[in-house]
Amino acid sequence: VQLQASGGGLVQAGGSLRLSCAASGRTFSSYGMGWFRQAPGKEREFVATISWGGGTTYYADSVKGRFTISRDDAKNTVYLQMNSLKPEDTAVYYCAASDRAYGGSAWSDYKYWGQGTQVTVSS
């Protein structure tokens, strides 16, 4: 599966962005999907994940209550709605697909990765 992330940009603290990740392939609905991010000089970290069917979601503590992951299997797309953004949310955001129904929070659980989209939050 090929993944294409979009929707990043520059936003002031307290603002919102919605990231999208479009996937190719007819079996998108069977993949667990996740979002990760990587800030300069830091390791890639888990942000959120959603199971196939969308019944299960899980978030990193740092984004819980501010970010929402969702998916539209008819459009082969997963979203990350980001509200109340903080400067520490600045990073390149990557979407990823797991060939398991639920990807989990470890980057090694994911087999396919998109190219990343830059999110910059100014103070």
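Positions are given from 1, in the same order as the sequence printed here.
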* To do: Scan for ring-ring contact (aromatic ring centres under 6.0 Å, His included) pairs involving residues 84-105, sequence neighbours excluded, and state none if there are none.
  => none

* To do: Compare every heavy atom of Thr117 with every heavy atom of Ala5, then report the nearest pair and how far apart it is.
  => CB-CG2, 4.2 Å

* **Cluster overlap Val78 with Trp52, hydrophobic side-chain contacts below 4.5 Å** => no

* Asked: Is the cationic atom of Arg71 (NZ for Lys, CZ for Arg) positioned less than 6.0 Å from the six-membered ring centroid of Tyr31 and within 45 degrees of its normal?
  -> no

* Minimum heavy-atom distance between Gly34 and Tyr110, given as atom pair plus value -> N-CE2, 3.6 Å

* To do: Work out which heavy atom in Asp73 is nearest to a heavy atom in Ser29; give both atom names and the distance.
  => OD2-CB, 3.6 Å

* Structure fact -> In short, Leu3 meets Ala23 closest at the heavy-atom pair CD2-CB, 3.5 Å

* Structure fact -> Residues passing the side-chain hydrogen bond (donor to acceptor under 3.5 Å, both in side chains) test with Gln4, sequence neighbours excluded, are none

* Go through the steps to decide whether Thr90 and Gln118 satisfy the test side chain to side chain contact (heavy atoms under 4.5 Å, CB included), and finish with yes or no. => CA-CA 8 Å; Thr90 295; Gln118 176 71 47; 4.1 Å; yes

* Taking all heavy atoms of Ala13 and all of Ser123, pick out the closest pair and write down the distance. => CB-CA, 4.4 Å

* **Minimal non-hydrogen separation, Thr77 against Ser20, with atom names** => CG2-CB, 4.2 Å

* Dump the intermediate steps for side chain to side chain contact (heavy atoms under 4.5 Å, CB included) on Leu17 and Phe67, then the final yes or no. => CA-CA 10 Å; Leu17 282 174; Phe67 291 11; over 6 Å; no

* Within 45° of the six-membered ring axis of Tyr79 and under 6.0 Å from that ring's centre, is NZ or CZ of Arg18 located there? -> yes

* Asked: Any chain of hydrophobic side-chain contacts (each under 4.5 Å) joining Tyr112 to Ile50?
  -> yes

* Asked: Between Phe36, Tyr59, Trp107, Trp35, which is the residue that forms a side chain to side chain contact (heavy atoms under 4.5 Å, CB included) with Phe46?
  -> Phe36

* Please determine which of Val63, Leu80, Val119 meets the side chain to side chain contact (heavy atoms under 4.5 Å, CB included) test together with Arg37. => Val63

* To do: Decide whether Met33 and Trp113 are clustered together by the hydrophobic rule: side chain heavy atoms of Ile, Leu, Val, Met, Phe, Trp, Tyr closer than 4.5 Å, transitively.
  => no

* Asked: Charged N to carboxylate O under 4.0 angstrom, Asp89 versus Lys86?
  -> no

